[in-house]
There are 2 protein chains.
Amino acid sequence: MNPAPTDASPARTAPSVPAPTRREQILREAARLFAERGFHGVGVDEIGAAVGISGPGLYRHFAGKDAMLAELLVGISGRLLASGRERRAAAEAADAGPAAVLGSLIDGHIDFALDDRALIILHDRELGQLREADRKQVRSLQRQYVELWVDVVRALHCGVAEDDARAAVHAVFGLLNSTPHLGRVGGLPGRDATAALLRRLAHGALAALTGPARH
Amino acid sequence: MNPAPTDASPARTAPSVPAPTRREQILREAARLFAERGFHGVGVDEIGAAVGISGPGLYRHFAGKDAMLAELLVGISGRLLASGRERRAAAEAADAGPAAVLGSLIDGHIDFALDDRALIILHDRELGQLREADRKQVRSLQRQYVELWVDVVRALHCGVAEDDARAAVHAVFGLLNSTPHLGRVGGLPGRDATAALLRRLAHGALAALTGPARH
DNA sequence: CGTTGCGGTTAATGAGCGTTAACAGATCCT
DNA sequence: AGGATCTGTTAACGCTCATTAACCGCAACG
């Protein structure tokens with residue numbers, strides 16, 4: 001199954017990064033291209049060219065163009081959910097309150113938004129291009145992730161209705177996922193500063209969930 | 001130019017809505033379909049069928065599929081900017097402070113987000129499908145709208161850097177534009193309640209712009 | 001009453017593109 | 001050595017789909 005028995009290669013020292021396999025190269029480039037020009041806007045030849053092979057050579061690694069998108073979307077959705085669960089478990093193991101759990105969820109999501117911008121774009125832009133089965137799986141993972149947040153938000157803000165909490169969580173996702181819309185990396189004041197800004201905005205939005213009505 | 005000289009038709013009483021012209025029907029249905037399945041995911045035959053004519057009949061009204069998308073995106077961008085300018089002018093004419101101006105901008109944007117969900121989706125999903133000239137125009141309108149917000153935000157929060165303000169404005173747009181991602185109209189607690197919730201979240205986020213650093 | 005033009009129709013065209021076929025050079029295992 | 005497998009290649013196929021061509025009814029109008 002794994003064509004690379006060890007990392008025995010022209011590797012100079014010890015590659016702490018285990019040398020990206022061809023599949024991973026393809027997925028990374030495909031994600032970048034899909035995010036730039038849309039799933040239908042990029043042809044298989046371009047994806048191939050981006051990794052140095054051309055056109056139909058991709059079919060040695062993937063069943064088709066759809067399969068690449070599916071793997072990307074299932075992957076990011078799964079990692080988001082896994083990260084969220086780990087963070088909640090870790091915070092609860094440390095006897096932290098709901099506020100700390102929520103803070104950790106926010107931090108984790110910010111990491112994804114800043115480090116996997118292409119996937120963040122794809123994951124709600126191209127969901128409709130998936131085959132029914134894959135789409136259902138991605139939606140299921142997304143829904144579980146949302147519900148994880150909803151539970152934490154409601155634990156923190158006891159009074160809020162479930163629908164309001166869910167809408168607020170979606171809104172905060174929209175807020176945190178906004179960084180891809182900032183032209184490339186141009187206007188961003190640096191990764192850490194951006195993360196800090198997003199963190200404050202997200203906490204501010206959620207803090208307003210309970211409180212005096214506006215207007 | 002206008003084929004309907006008056007609204008003399010089997011109109012029962014006085015149609016305060018001026019009877020949608022064919023072009024408008026097409027644009028509305030195209031917007032809905034594009035938002036549902038993506039620009040490339042819907043064919044001209046489907047758009048035609050949605051308004052009762054079939055296929056190439058659309059070319060009597062539009063130069064091509066691209067032209068429909070362009071008109072939709074330029075339209076929504078222009079209306080957003082116009083609305084924003086009007087609201088600022090109105091608020092300033094009433095001698096309102098920056099806080100009131102910002103509140104009016106938020107209210108106006110919420111109206112668009114809730115009433116033109118399809119266009120809100122399209123306007124940052126399918127920008128890349130436009131011809132260069134149209135894309136530049138839409139981007140210009142969007143940029144002016146953003147800068148309008150940035151000015152108001154900076155007037156209200158004197159200390160914040162321009163880049164931070166811009167990032168925060170983008171983030172608030174992401175927050176306000178999140179409603180389309182709530183499955184159709186299902187989990188929404190009613191239009192007014194949703195608007196109120198979004199208003200509170202947006203104000204909360206922006207209020208956090210200046211204040212104690214998180215963590 | 002012609003005729004002009006608007007708003008349709010169906011059939012044909014042609015490009016783009018995902019996918020498959022057929023073939024070939026390594027590398028590895030025995 | 002010699003097949004088997006993995007990973008490429010180029011050429012061909014076939015389908016989808018936007019766009020154009022050619023044709024037509026019909027309302028307005030002089």
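Everything quoted here is computed from the prediction, not taken from an experiment. A, B, ... follow the sequence lines: proteins, then strands. Residue 1 opens every chain.
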Margin query: If you compare all heavy atoms of B/Arg135 against all heavy atoms of B/Leu130, which two are closest, and at what distance to 0.1 Å?
Written below: NH1-O, 3.1 Å
Next item on the list: Nearest whole angstrom, please: distance from the P of D/dC6 to the CZ of A/Arg23.
Entry: 14 Å
Next item on the list: Measure from the side chain of A/Lys65, starting at C-beta and using heavy atoms only, and say which of D/dG8, C/dG18, C/dT9 lies closest.
Entry: C/dG18
Notebook entry, point to check: What nucleotide, of C/dT19, C/dT10, D/dT9, holds the atom closest to the side chain of A/Ile53?
Noted result: D/dT9
Next item on the list: Take atom CD of B/Gln129 and atom C1' of D/dA18, then tell me their distance rounded to the nearest Å.
Entry: 14 Å
Item checked: Between C1' of D/dT5 and NE2 of A/His61, the distance in whole Å -> 13 Å
Margin query: Looking only at side-chain N and O atoms, does B/Asn177 offer a donor or acceptor that is under 3.5 Å from a partner on B/His123?
Written below: no
Next item on the list: Could you tell me the separation between the CG atom of B/Leu58 and the C1' atom of D/dT19, rounded to a whole number of Å?
Entry: 12 Å
Next item on the list: Please report the closest heavy-atom contact between B/Leu141 and B/Val74, naming both atoms and the distance.
Entry: CD1-O, 3.9 Å
Notebook entry, point to check: Between A/Thr21 and A/Gln25, is any side-chain donor less than 3.5 angstrom from a side-chain acceptor?
Noted result: no
Checklist line | B/Arg131/B/Asp66 salt bridge by N-O under 4.0 Å criterion | finding: no
Notebook entry, point to check: Which part of the nucleic acid does B/Gly43 contact within heavy-atom distance under 4.0 Å: base, sugar-phosphate only, or nothing?
Noted result: sugar-phosphate
Notebook entry, point to check: In degrees, rounded to 10°, what is the bend between the two ends of the helix from C/dC1-D/dG30 to C/dT30-D/dA1, using five pairs at each?
Noted result: 0°
Checklist line | Non-hydrogen side-chain atoms of B/Arg166 and B/Glu147 separated by less than 4.5 Å | finding: yes
Check: Is A/Val42 touching bases, backbone alone, or none of the nucleic acid, heavy atoms closer than 4.0 Å?
Finding: sugar-phosphate
Check: In whole angstrom, what separates B/Phe34's CZ from D/dA18's C1'?
Finding: 12 Å
Next item on the list: Let me know the distance between OH of B/Tyr59 and P of C/dT9, rounded to the nearest Å.
Entry: 14 Å
Next item on the list: Respond yes when some side-chain nitrogen or oxygen of B/Arg60 is under 4.0 Å from OP1 or OP2 of C/dT9, and no when none is.
Entry: no
Notebook entry, point to check: Taking CG from A/Asp66 and C1' from C/dC17, how many angstroms apart are they, rounded to a whole number?
Noted result: 13 Å
Next item on the list: Identify whether any heavy atom of B/Gly55 sits under 4.0 Å from a base atom; if not, whether one sits that close to sugar-phosphate; answer base, sugar-phosphate or nothing.
Entry: nothing
Next item on the list: Using atom NE2 of A/His40 as one end and atom P of D/dC15 as the other, report the distance to the nearest whole Å.
Entry: 19 Å
Note to self: Distance check, rounded to the nearest 0.5 Å: B/Arg200 atom CZ versus A/Leu206 atom CG?
What the structure shows: 12.0 Å
Item checked: Residue A/Val44, side-chain heavy atoms: nucleotide from D/dG8, C/dG8, C/dG18 that is nearest -> C/dG18
